[in-house]
> 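I'd like to ask some things about the structure below.
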Amino acid sequence: MGSYKDNQLTFQAAQKGTKEVMDILNNMDVNGSLYGHQIKQLKQEINEAFQQIDSALIIASEHQKEQLKEYQSELQNIMSQIDD
């Protein structure tokens, strides 16, 4: 159904979304006045990344599925840390 190009594009979107979450997380200032805003933005990016991963899983190759599941796990770990 999906072409190789579609497969690559959806995988890359999921990869990019996960990287954006990591970038935000790594640049957060827990003592800064914008921390609350940063948490809100982080949660929004995580939700978007989860959606991108879900879309990619539908047409992903087996190798890509393994990587996507690792991304999901990383994102779930981040969510559990910020929801404490």
Side-chain angles (χ1 to χ4, degrees):
M1 181 173 134
S3 70
Y4 176 78
K5 186 174 182 179
D6 290 341
N7 176 315
Q8 281 299 105
L9 290 173
T10 56
F11 179 78
Q12 287 170 352
Q15 199 172 35
K16 184 175 183 271
T18 303
K19 182 186 180 315
E20 287 172 4
V21 167
M22 297 305 190
D23 288 346
I24 291 169
L25 185 64
N26 292 329
N27 291 313
M28 287 180 70
D29 179 6
V30 293
N31 298 315
S33 61
L34 296 176
Y35 184 67
H37 174 73
Q38 290 172 327
I39 288 288
K40 185 177 176 184
Q41 182 184 6
L42 181 63
K43 287 182 179 182
Q44 182 178 338
E45 289 293 333
I46 289 171
N47 288 331
E48 288 176 20
F50 273 130
Q51 290 173 356
Q52 291 164 331
I53 290 168
D54 288 344
S55 295
L57 279 168
I58 295 168
I59 61 173
S61 68
E62 285 307 309
H63 175 72
Q64 288 173 329
K65 283 182 183 177
E66 289 176 26
Q67 185 65 54
L68 291 166
K69 289 182 182 192
E70 284 182 34
Y71 293 156
Q72 277 180 325
S73 178
E74 288 175 27
L75 295 173
Q76 286 167 340
N77 286 338
I78 293 167
M79 280 300 277
S80 67
Q81 290 172 15
I82 60 177
D83 281 342
D84 281 349

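What you see is a predicted model, and the numbers here were worked out from it, not measured in a lab. Hydrogens, waters and symmetry mates are skipped; everything else that's a heavy atom, side chains included, is used.
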> Determine whether a donor-acceptor pair (N or O, by modelled atom type, separation under 3.5 Å) exists between the side chain of Q81 and the backbone of I78.
no
> Quick one, Q72 and L68 - any side-chain contact, counting heavy atoms below 4.5 Å?
no
> In Å and rounded to the nearest 0.5 Å, what is the CG to CD1 distance from L34 to I39?
12.0 Å
> Do Q38 and V30 have side chains that get closer than 4.5 Å, going by heavy atoms?
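With C-beta onward as the side chain, the pair stays apart.
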> Membership question, hydrophobic clusters at under 4.5 Å side-chain separation (ILVMFWY): are I82 and F50 in the same one?
yes
> With sequence neighbours left out, which residue pairs that include part of residues 59-70 fulfil the salt bridge (charged side-chain N to carboxylate O under 4.0 Å, His left out) condition?
E62-K65
> Under the side chain to side chain donor-acceptor pair (under 3.5 Å) rule, collect the residues that match up with E74, sequence neighbours excluded.
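Not a single residue meets the side chain to side chain donor-acceptor pair (under 3.5 Å) criterion with E74.
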> Going from CG on N77 to CE on M79, what distance comes out if it is rounded to the nearest 0.5 angstrom?
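Separation between the atoms: 11.5 Å.
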> So do the side chains of Q12 and L9 get within less than 4.5 Å of each other, counting heavy atoms only?
yes
> My understanding is that only residues two or more places apart in sequence, or in another chain, count here; which of them pass side chain to side chain donor-acceptor pair (under 3.5 Å) with Q15?
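With neighbours one apart ignored, the set is Y71.
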> Rounded to the nearest 0.5 Å, how far does CG of L42 lie from CG of L75?
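That separation rounds to 9.0 Å.
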> Find the distance between OG (S55) and CG (D6) and round it off to the nearest 0.5 Å.
11.5 Å
> Quick one: OG1 on T18 to CD on Q67, what's the gap to the nearest 0.5 Å?
8.5 Å
> Tell me, which pairs form a salt bridge (charged side-chain N to carboxylate O under 4.0 Å, His left out) where one or both residues lie in residues 38-58, sequence neighbours left out?
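Non-adjacent pairs meeting salt bridge (charged side-chain N to carboxylate O under 4.0 Å, His left out): K43-D83.
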> Determine which pairs satisfy salt bridge (charged side-chain N to carboxylate O under 4.0 Å, His left out) with at least one residue from residues 24-36, sequence neighbours left out, and list them in order.
none
> State, with a plain yes or no, whether a side-chain heavy atom of T10 is found less than 4.5 Å away from one of I58.
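No, every pair of side-chain atoms sits at 4.5 Å or beyond.
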> By the salt bridge (charged side-chain N to carboxylate O under 4.0 Å, His left out) test, which pairs, at least two apart or in different chains, include something from residues 7-25?
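Residue pairs with at least one partner in residues 7-25: K16-E20, K19-D23.
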